[in-house]
Amino acid sequence: MAEVLVLVEHVDGAPKKVTLELLTLARSLGEPSAVFIGNGADNAKAKLAEYGAAKVYVAGDGDLDSYLVAPKAEVLAQIVGAVSPVAVLIPSTPEGKEVAGRLAVKLDSGVITDAVGVDDGFVARQSIFGGAFNVSSSVNRGTPIITVRPNSTAPEPAPAAGAEEQVSVTLSDAAKKAKVLDRITEKKGGRPELTEAAIVVSGGRGLGEGSNFALIEKLADSLGAAVGASRAATDAGWYPHTNQVGQTGKTVSPQLYMAIGISGAIQHRAGMQTSKTIVAVNKDPEAPIFELVDFGVVGDLFNVVPQLTEEIEKRHSS
Amino acid sequence: MNIVVCVKQVPDTWAEKKLSATDKTVDRESVDGVMNELDEYAVEEALRIKEASGGEVTVLTMGPDKSVETIRKALSMGADKAVHLVDAGLHGSDALATSYALAKALGTIEHDLVILGVESTDARMSVVPAMLAERLGAAQLTFARKVEVGDGTVKIERLTDTGYDVVEAPTPAVISVVEKINEPRYPSFKGIMAAKKKPLTTLTLADAGIEADKVGLGGSATTVADVAARPPKQAGQIVKDEGDGGTKLAEFLASQKFV
């Protein structure tokens, strides 16, 4: 069966959920092969096989982790040249998209980013202009390179062989120009990453001041959710820019998106409109966010949110 | 350091964006165009580097005639000169074709750094900076929230999901910047007047040595098959909080199996 390459996104070898989603998606298009780049492949192989990887290409040379993007594109280009897959699927994360772009240049192939689905014939579905249009597009030259947003497919196990194939890589000098000197983690607590999370709870201007984000964090923790913030909130310095959802920040597409004290200007909608279920709490009944919601509460978030958190905790403990 | 800042004119965020019925490209004629917001941070960062260490800032844009408005804005902020790549043959270029055309145009301008906004607010792919680095064989320093220029090297803080990476490379380098890296200046009246006299070079495909069959709709490696306005969302349930709003929301979440 035709081989579909899936680039593994991982943390020290542990595959991220989006990787399992892409393997699941790849099974509907051909035979998935995982491409693992970096250290820690031994931690990943069983999981990759469990979710359907017939082969696992491993490029684990020592210094790959010291560089960003460019070496990954080189490794992928090398594998594509050797095995001629029918497509390459890559997680639609900032780094994933950049890898896809560089790979497209190397292969002179078309690249499609931010797909929310891929159908027969590698037709990618996208949602553009803040969700105003649904677009289908395809690659007409070279090997289709498609980046797929996290949470686009529900990951389902389907055990396969997961046969390991070592790939030896000689990086070009060009790929080694930008060197990582240090990696700094600023994330607080053990919350999931914003773009990967199944549930995102975001706070906005209605919170009034930064310290009130504690309400959002408490609600998020009761659901095991990630915390997001509107641009108004990050502009005011209430929450880090890393957590900004919207046109100039992160794009999220979780199962559940909760907008708390966010009016829902187009700026914000562009970053969350493809969420599966949307709920909002806002005191202004005219707030545009209510046009998007499955369930909305018009009211004071300082009353509604603590009651909601308490109710959720009560249900979890009962 | 000689710096080229790539800027793009995009439909105003607040305007209703449309796609052309005939060729499914972004309709740029019927809406007001503005400088891509993230490019304002790129222009500002270039000007700050120039003010600290000398050199020249050139603005490069690819786009139809009206993109000259965006060029003027960058010049009035303080850029020294501009290059406008404009040719009907470029219409409908995808990311692969755009990065090829921009790389060719960059080949006509002497530079140590190329700076761009991290994405355009219309296409939002966020791939062109990486593609340019690949094509130019330059170092890729993207998603920068801080840029420090040294002697022949550049160090950035690259924004990540969990914090940032410190990344260093020799010049030449391609840098993309995120929002909040700086506070872009407003053009002064003096700046606006001075912009009118600054050199603006226009390049056609032939001028830049761009092969016509590698750009435009025909030269693009992706094809848009179908476009549909999103069906209006079914109205959700809205309740007014009468002391039980939180409980009702929790009940909804439970009914959807989130709790």
Side-chain angles (χ1 to χ4, degrees), chain A residues 68-70 94 97-98 100-102 104-105 109-113 123 129 131-142 174 177-187 193-195 241-242 247-248 256 266-267 277 279 290 292-299 303-304 307-308 311-312 315, chain B residues 13-14 17 19 37-38 94-96 99 121 124-128 130-131 134-135 137 139-143 158-159 161-170 178-180 221-230 233 236-241 245-250 252-254 256 258-259:
Chain A
L68 290 161
V69 185
K97 292 207 280 185
E98 294 191 321
R102 294 190 77 125
V105 170
S109 292
V111 58
I112 297 172
T113 64
V123 176
F129 295 163
F133 291 90
N134 294 325
V135 173
S136 308
S137 45
S138 56
V139 167
N140 63 44
R141 188 164 84 224
K177 283 183 173 165
K179 194 163 177 33
V180 180
L181 305 181
D182 206 355
R183 295 181 192 267
I184 310 291
T185 301
E186 291 182 325
K187 192 174 70 164
E193 277 177 28
L194 193 53
T195 46
H241 179 220
T242 327
Q247 184 169 263
T248 53
L256 171 64
I266 184 143
Q267 232 295 331
T277 299
V279 303
F290 286 123
L292 300 181
V293 299
D294 298 280
F295 193 92
V297 178
V298 179
N303 297 327
V304 176
Q307 186 182 58
L308 170 63
E311 185 66 28
I312 291 167
R315 283 167 184 263
Chain B
T13 295
W14 307 101
K17 287 184 270 246
L19 294 168
E37 190 189 332
L38 288 154
D94 69 357
L96 193 67
S99 65
T121 56
R124 302 202 61 203
M125 290 180 74
S126 198
V127 295
V128 166
M131 293 171 110
E134 176 74 35
R135 290 192 185 274
Q140 179 190 327
L141 296 172
T142 47
F143 286 86
R158 174 185 169 90
L159 188 72
D161 273 341
T162 52
Y164 62 93
D165 292 343
V166 181
V167 189
E168 189 176 56
V178 299
E179 190 196 342
K180 293 187 173 70
T222 49
T223 310
V224 175
D226 189 42
V227 172
R230 179 187 161 107
K233 188 164 175 139
Q237 188 186 352
I238 314 266
V239 300
K240 193 169 180 311
D241 177 32
T247 309
K248 282 190 168 153
L249 183 46
F252 171 80
L253 295 179
Q256 303 293 308
F258 290 116
V259 178

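Lettering follows sequence order; numbering is per chain, from 1.
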Between Glu98(A) and Arg158(B), does the salt bridge (Lys or Arg N to Asp or Glu O under 4.0 Å) criterion hold? Intermediate values first, please. CA-CA 13 Å; Glu98(A) 294 191 321; Arg158(B) 174 185 169 90; 3.1 Å; yes
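- Looking at Thr162(B) and Glu193(A), their side chains come closer than 4.5 Å, going by heavy atoms from C-beta outward.
- Nearest approach of Lys97(A) to Val127(B), heavy atoms of both residues: O-CG1, 3.3 Å.
- Highest contact tally toward chain A, considering only Val178(B), Val259(B), Leu249(B), is held by Leu249(B) [criterion: heavy-atom pairs under 4.5 Å].
- Within the 4.5 angstrom heavy-atom criterion, atoms from both the backbone and the side chain of Thr247(B) approach chain A.
- Contact detail for Ala178(A) and Ala139(B): the closest heavy-atom pair is N-CB, 4.5 Å.
- Between Asp182(A) and Asp165(B), every side-chain heavy-atom pair lies at or beyond the 4.5 Å cut-off.
- Ranking Gln256(B), Met131(B), Glu179(B), Lys240(B) against chain A, the residue ahead of the rest is Glu179(B), based on heavy-atom pairs under 4.5 Å.
- Residue with the most contacts toward chain B among Val139(A), Thr248(A), Val293(A): Thr248(A) (heavy-atom pairs, distance under 4.5 Å).
- Only the side chain of Phe252(B) comes within contact range of chain A, with heavy atoms under 4.5 Å apart.
- What you find for Pro170(B) and Lys177(A) is that their closest heavy atoms are CD-O, 3.5 Å.
- Across every non-hydrogen atom of Thr242(A) and Asp161(B), the tightest pair is CG2-O, 3.5 Å.
- Taking 4.5 Å as the limit, every side-chain heavy atom of Lys179(A) sits out of range of all side-chain heavy atoms of Glu168(B).
- Nearest heavy atoms, Arg230(B) versus Asn134(A): CA-ND2, 4.0 Å.
- With chain B as the partner, the residue from Thr113(A), Val135(A), Val105(A) showing the most heavy-atom pairs under 4.5 Å is Val105(A).
- Only the side chain of Val279(A) comes within less than 4.5 Å of a heavy atom in chain B; its backbone stays farther off.
- Note that CD of Gln307(A) is 10.0 Å distant from NZ of Lys248(B), once rounded to the nearest 0.5 Å.
- Across Arg124(B) and Gln247(A), no two heavy atoms sit closer than the pair NH2-O, 3.1 Å.
- Of the listed residues Thr195(A), Thr277(A), Val123(A), Val304(A), the one with more heavy-atom pairs under 4.5 angstrom with chain B than any other is Val304(A).
- Of the inter-residue distances, the one linking Asp226(B) atom CG with Ser137(A) atom OG reads 10.0 Å to the nearest 0.5 angstrom.
- Counting only heavy atoms from C-beta outward, the side chains of Leu253(B) and Phe295(A) never approach each other to under 4.5 Å.
- Among Leu194(A), Asn303(A), Ile112(A), Val111(A), the residue with the largest count of heavy-atom pairs under 4.5 Å with chain B is Val111(A).
- Per-residue counts of heavy-atom pairs under 4.5 Å with chain A were compared for Leu19(B), Val128(B), Val239(B), Asp241(B); the largest is that of Val239(B).
- Contacts of Asn140(A) with chain B are made by both backbone and side-chain atoms, with heavy-atom separations under 4.5 Å.
- Using a 4.5 Å heavy-atom threshold, the side chains of Leu68(A) and Gln140(B) count as separate.
- With respect to chain B, the highest number of heavy-atom pairs below 4.5 Å among Ala70(A), Ser109(A), Gly299(A), Gly142(A) belongs to Ser109(A).
- Taking 4.5 Å as the limit, some side-chain heavy atom of Leu159(B) sits within range of a side-chain heavy atom of His241(A).
- Both the backbone and the side chain of Arg102(A) come within less than 4.5 Å of a heavy atom in chain B.
- Using a 4.5 Å cut-off between heavy atoms, Ala132(A) contacts chain B through its backbone alone, with no side-chain atom that close.
- Comparing Leu256(A), Leu292(A), Val180(A), Ile266(A) by heavy-atom pairs within less than 4.5 Å of chain B, the highest count is held by Leu256(A).
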